[in-house]
Amino acid sequence: VTWSVFRAGVVTATLQDVSSGTHEAYEAIATAKSDGFVSLLMDVDNEFRSLFSPQTLCSQRIIKKVREGHRHKDSIIVFDSVRKLALLDERDLTLPGAPAKHVENEIPPCVEDVVGAFYYIRRQHFEVGHNIELPMNDGSKTVQVVVEVQAREKVQTPMGTIDTFRVEPKVFNGLLRRKGRMLIWFSADDQHLPVRIKAVIAVGAITGTLRSVTHPAPPPPAKH
């Protein structure tokens, strides 16, 4: 990740199968750590853990550990599809004596969290000029996100030149309160890897470029 011309840090995303018994689930873990010059301005060490159904891609839960400068918060959002509620419990670690925050908001039977949404989008069909729509919830009111598939472009990365689709999420009902734009380039193959992410905000452009991809080793052949 870079901020303007400065190295800003590293983001790592991992997907794993955490199914147990009859309960099938995938867990996506996203970590963001600042380094270099940016760490002098704001030290960042965040971890998000998203749990979602591998079949429906509906989010079941997201756990967030946010460490950004003086902002230290732990939160968990449980998406209860039966009761159609998002249950947020959040604790501000800078206020050790303060009670935890608890909020409940209505949701549709299926929503995406901020991490699981990436995997939902990757599973969709991309075609320039078409839109991908999804409901998203981050502990408050559910918003409708429309992802515009804008163009087909070549992107230079440490992994070589990759053919991509450029998309832009348009968020309605105020989930992202800061003004700015986010552009995402997904590879134009079946994997739809997030090749580049660019956020254009008031203090400049923050750009993340895919550096490497590691796949799990295949299981050993069955013995007869």
Side-chain angles (χ1 to χ4, degrees), residues 1-16 18 26-52 57 59-77 88-94 112-122 134 136-140 143 145 147 155 157-159 162 164 166-169 171 175-187 191-215:
V1 179
T2 60
W3 172 46
S4 297
V5 298
F6 302 103
R7 178 178 169 86
V10 175
V11 173
T12 304
T14 305
L15 181 67
Q16 57 189 9
V18 292
Y26 282 173
E27 183 180 46
I29 305 170
T31 63
K33 295 185 178 182
S34 62
D35 62 16
F37 173 75
V38 172
S39 288
L40 300 177
L41 300 177
M42 177 181 288
D43 188 35
V44 175
D45 187 2
N46 294 341
E47 180 184 85
F48 292 2
R49 289 177 172 265
S50 168
L51 197 71
F52 58 91
L57 303 181
S59 182
Q60 299 171 5
R61 182 190 70 205
I62 183 168
I63 299 172
K64 300 194 292 185
K65 295 182 179 180
V66 175
R67 307 291 185 268
E68 298 175 350
H70 298 293
R71 184 169 174 255
H72 290 189
K73 289 187 177 181
D74 286 349
S75 59
I76 178 171
I77 309 169
L88 166 67
D89 288 285
E90 183 176 84
R91 186 173 294 278
D92 188 339
L93 302 183
T94 64
E112 303 301 323
D113 61 62
V114 293
V115 174
F118 273 87
Y119 293 91
Y120 177 89
I121 294 170
R122 287 178 61 190
L134 62 150
M136 186 181 296
N137 189 286
D138 195 37
S140 56
V143 298
V145 178
V147 180
V155 175
T157 78
M159 299 171 59
I162 301 177
T164 70
R166 187 190 75 217
V167 310
E168 182 175 0
V171 183
L175 176 64
L176 299 178
R177 302 184 185 281
R178 300 173 184 173
K179 294 181 180 180
R181 298 178 64 193
M182 176 179 285
L183 300 172
I184 309 170
W185 288 259
F186 288 98
S187 63
Q191 292 189 84
H192 288 168
L193 293 170
V195 173
R196 178 168 291 164
I197 302 173
K198 184 175 184 178
V200 183
I201 55 179
V203 295
I206 299 173
T207 305
T209 302
L210 185 64
R211 192 170 68 186
S212 64
V213 179
T214 303
H215 297 285

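- A distance of 4.5 Å separates CZ in R67 from CG in D74, rounded to the nearest 0.5 Å.
- Looking at every heavy atom in both residues, S50 comes nearest to G116 through OG-N, 3.6 Å.
- The side-chain heavy atoms of P194 and R122, taken from C-beta on, include a pair separated by under 4.5 Å.
- Closest approach of V195 and S187 over heavy atoms only: CG2-N, 3.8 Å.
- The two residues L134 and Y120 make their nearest non-hydrogen contact at CB-CE2, 3.8 Å.
- With contacts defined as side-chain heavy-atom distances shorter than 4.5 Å, the pair V10/K33 does not qualify.
- In this structure the side chain of E112 never reaches within 4.5 angstrom of the side chain of Y119, judged on heavy atoms.
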Evaluate F48 against D113 for side-chain contact (heavy atoms from CB on, under 4.5 Å), listing each step before the verdict. CA-CA 10 Å; F48 292 2; D113 61 62; over 6 Å; no

T157 vs T209, test: side chain to side chain donor-acceptor pair (under 3.5 Å). Steps then yes/no. CA-CA 7 Å; T157 78; T209 302; over 6 Å; no

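- From R166, atom CZ reaches atom CD1 of I184 across 12.0 Å, with rounding to the nearest 0.5 Å.
- In this structure, the side chains of L210 and M159 come closer than 4.5 Å at one or more pairs of heavy atoms.
- From K198, atom NZ reaches atom CD1 of I206 across 11.5 Å, with rounding to the nearest 0.5 Å.
- The structure places CZ of F186 at 10.5 Å from OG1 of T164, a figure rounded to the nearest 0.5 Å.
- From I63, atom CD1 reaches atom CD1 of I76 across 4.5 Å, with rounding to the nearest 0.5 Å.
- Using bins of under 30°, 30° to 60° and over 60° for the plane-to-plane angle, the ring pair F52/Y26 lands in the perpendicular bin.
- Considering CZ of R71 and CG of D92, their distance stands at 9.0 Å, rounded to 0.5 Å.
- Side-chain contact check for E68 versus M42: some heavy-atom pair is nearer than 4.5 Å.
- Of the candidates I197, V1, T31, V1 is the only one forming a side chain to side chain contact (heavy atoms under 4.5 Å, CB included) with V11.
- Side chain to side chain, T207 and T2 fail the donor-acceptor criterion of an N or O pair below 3.5 Å.
- Here the closest heavy-atom approach between residue S34 and residue V44 is recorded as OG-N, 2.8 Å.
- Residues D138 and I77 approach most closely at C-CD1, 3.5 Å, considering heavy atoms.
- Atom CZ of R61 has 12 or fewer heavy atoms from other residues, nucleotides or ligands within 6.0 Å.
- Within the structure, salt bridge (Lys or Arg N to Asp or Glu O under 4.0 Å) contacts touching residues 37-47 (residues at least two apart or in different chains) are E47-R49.
- The shortest side-chain heavy-atom distance between N46 and K64 does not fall under the 4.5 Å cut-off.
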